[in-house]
Amino acid sequence: MPNPTASLLHGLNDAQQQAVLTTQGPVLVVAGPGSGKTRVLTHRIAHLIQDLGVMPENILAVTFTNKAAGEMKQRVEKLIGAGAASGLWIGTFHSIGVRFLRQNPGIVADRLGLLPNFVIYDDADQMALAKQAVVAVGLDPKQVAPRRMLSRISAAKSEMLDPDDFVKTVEKYDDEVVARVYREYQRLLKKANAIDFDDLLVMPIRLFDAAPALLERYQALFHYILVDEYQDTNRVQYILVSALADRYRNLFAVGDPDQSIYAWRQADIRNILGFNQDYPDATLIKLETNYRSTRRIVEAADRLIRENSQRIERTLRTDNDDGEMVSLRELSDERHEARFVVDEIRRLMNIHHVSPNQIAVMYRTTAQSRVLEESFRMSEINYRIVGGLRFYERREVKDVIAMLRVLHNPADELSLLRTIENMPIGRGIGPKAIDQVRSWSALNQTTTTEGFVALAPSLALHDSPPLTGASRSAAQKLGSVIAQLRELEKELTLTQLFDALVDRSGYQGSFNHESEEDMERWSNVLELRTDLEDFDALPPGEALATYLDQVQLVSDADTMKDGSVPQVTLITLHSAKGLEFPIVFITGVEEGLLPVSRAIENEAVDPNAIEEERRLFYVGITRAEKLLYLTYTAGRTRYGRYESTIPSRFLANLPVESVKTHGTRASGAGSLAQRSRAWSSMPGTKRTGPLPASARPAEPDWAVRNVPDAAPPSPTYAAGMQIFHPKFGEGQITEIAERRDDQELVIEFKRHGTKRLLGSLAKLDVIS
DNA sequence: CCGTCGAGGCCCGAC
DNA sequence: GCCTCGACGG
């Protein structure tokens, strides 16, 4: 074996080096949070390519997000040179699944009945389809919730059960309902020439079953396979990986059972716990040294996770400094909580010159983000929300994508209906007209979209029964525009096609330039256009297909753009997996939220649910490098009603000596003591020590070092200046208070009243 | 065909 | 409390 380049091993500890160098045979790396897992993965890939001469295309690396895949590839190329990793198979399970299917259009069509222009249905599409399926089998969507059907169907698919297999497992009436809906759902998917997310994993396995030679080809291709976040793989993913690794058996799995947080989507922790049974010759490597967080944070995390029974015994340690105390704080309600977070962030930015992008605010449920966002919106602090209403879920963006999908895959009736509903071109076509075209199309053995296209020429000339009057000309227009755009697709770039689409569909014209809301929506449509530019280099015909695949696989975490403006990150605990921030706030550390109420309700039947919640908290805590804030409230509005709350039982698991508590004046120390009694009486709670009942005023004495993005020196303002603020618009500075190295400005905005802003932070343009 | 209004569900998490 | 969906009237 050639000597590894010193640089590839430089700075790695013994265990990390072993993980990089043990290239032959199965290896399981149990990697605690912050233990340099990503470094190991990237250095290992670099080592394989550079030192062992492995071709990049012979390596398959599975990551948890597309973003992680991109970053990992970049880091590898940084180690061994730009372009040196090109050809590397790296991506999420889903993107690799779609790649298998796209690479073999012939066999996929032949064996799976999926035509080459198949589309991927997202959450909303799946929901609509599930609802159709419920109705189609004669049930009421109000009684048989499509969402529940979907989650059952998804669970079945994750276990590799097709409708026929599922029927055999039926035990009660409810299962029978699911079985019927599942069968119909699959029928509708096939009819639409579409597949859902789960199918992206299931279909490749079916493909390999049907065409063993194909599997052998991939087995021969992948000399080395690396899988990140192995603890969160489900059965289908497990089967796929084991099948692919069967020939060379160079499977490198990295994971952490303590960070398993996806049992609800059928992640099976047994995949990682049973690795040794699957591969008795496996090398086990543990990465237990945390390089990310201060000792206090590591200790808090370690003590918390020790309370779980479902785990591999392991100690997380660190050589880092003690750092600051973990700050635990009670607020009276969610508004005060949000205000505290914003105020504290402002203070950190102001006094300690922390950049917003060093800060994350985390929560258990997306619903919590709303109040937080309100507070941020009122402040001058830049923020972004990961998840929530995603860009691609916005109505206007979905409208355009739906029409693009119709052009690409005429069988996608869901998208056709959306187009008719939301595009001006669909105006005048009601359910009646659609039904008629649908029947006509069925008679003529074609799709409804093709029906509109085929009928258009004759409709232009005369009433073609059954389409008459208003619906006749409307249907004619729709059919001919679709036909025109499809012709254009063959010769134009995607952006040109986009321009033609928003023009001829009348979509662009439907936005009112006087309406702020419309203009906001139109700007989103234009942002979509910017997206398309990346695909203009591809040959027409191929660009649209590639774009549509990609757009369906964008995850929340992927949409976190770095660079440009520094922003505070608002993110769910789930989405925060794999990320790190110097400063982390975890909000809503309460019974009902963390652990979430559903886990509490099921506690007696399924104690594992509570353990998963604890792991989720653990994931959150271990995202923090320097500073960790935990907040909970005395009461919170839920479903529009105020309810008083109890602090999370998990708080009692934290080591007293690393946590500093701050009560609010309203609740005070007394109530905190009461609450601590409530904790100790809670089932399943082991207290590690009483939390100090005293609440001293908070003034942590610390500073984040090495701040790369420290605010630039701010311009000087003077009273009387007319200014412009990106959010609040025009205003006048009425008062200025000089601070040590900043100015506090009082500004009267024309529209938004009086605000107090900091000169260094507010992005003001001086008008006069 | 389009807008308005009330009822009811919703909020556990995501590719 | 907000959003979505279906019923109803213009």
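In the text below, chain A, chain B and the rest are named by the order of the sequence lines, each starting its count at 1.
Distance from the side chain of A:Lys131 is smallest to C:dG6 among C:dG6, C:dC3, B:dG13. Among B:dC15, B:dA14, B:dC11, the nucleotide with an atom closest to any side-chain atom of A:Phe197 is B:dC15. The side chain of A:Arg265 has B:dC15 as its nearest neighbour among B:dC11, B:dG13, B:dC15. Listed candidates were B:dG13, B:dC12, C:dC3. Nearest to the side chain of A:Arg370 is C:dC3. The side chain of A:Arg427 sits closest to B:dC2 out of B:dC2, B:dC11, B:dA14. Side chain of A:Trp264, nearest nucleotide from C:dC3, B:dG13, B:dC15: B:dG13. Checking C:dC3, B:dA14, B:dC15 against every side-chain atom of A:Tyr262, the shortest atom distance belongs to B:dA14.
Between the CG atom of A:Asn234 and the CG atom of A:Leu240 there is a distance of 10.0 Å, given to the nearest 0.5 Å.
Across the protein-nucleic acid pair, A:Phe64 atom CZ and B:dC15 atom P stand 7 Å apart, rounded to whole Å. The distance from atom CD of A:Gln368 to atom C1' of B:dC10 is 15 Å, rounded to the nearest whole Å. The CD1-C1' distance, from A:Ile261 to B:dA14, rounds to 10 Å in whole Å. Atom CD in A:Glu613 sits about 13 Å away from atom C1' in B:dC11, given to the nearest Å. Spacing between atom CD1 of A:Ile586 and atom C1' of B:dG13 amounts to 15 Å, rounded to whole angstrom units. Across the protein-nucleic acid pair, A:Arg636 atom CZ and C:dG1 atom C1' stand 15 Å apart, rounded to whole Å.
One N or O donor and one acceptor, one from the side chain of A:Asp123 and one from the base of B:dC15, sit under 3.5 Å apart.
The ring of A:Tyr121 has its center no closer than 6.0 angstrom to the ring center of A:Tyr185.
Base pairing of B:dC15 is not made with any nucleotide, judged by Watson-Crick or G-U wobble geometry with both donor-acceptor distances under 3.5 Å. The partner of B:dG6, taking Watson-Crick or G-U wobble pairs whose two distances both stay under 3.5 Å, is C:dC5.
Listed for the A:Asn117 side chain is a donor-acceptor partner under 3.5 Å among the backbone atoms of A:His408.
Distance check on atom C1': B:dC11 versus C:dG6 gives 23 Å, rounded to whole Å.
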Does A:Gln231 form a side chain to side chain donor-acceptor pair (under 3.5 Å) with A:Glu229? I'd like the steps, not just the answer.
CA-CA 5 Å; A:Gln231 77 283 355; A:Glu229 307 286 5; 2.8 Å; yes
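Between A:Arg311 and A:Asp258 a salt bridge is recorded (basic side-chain N to carboxylate O distance below 4.0 Å).
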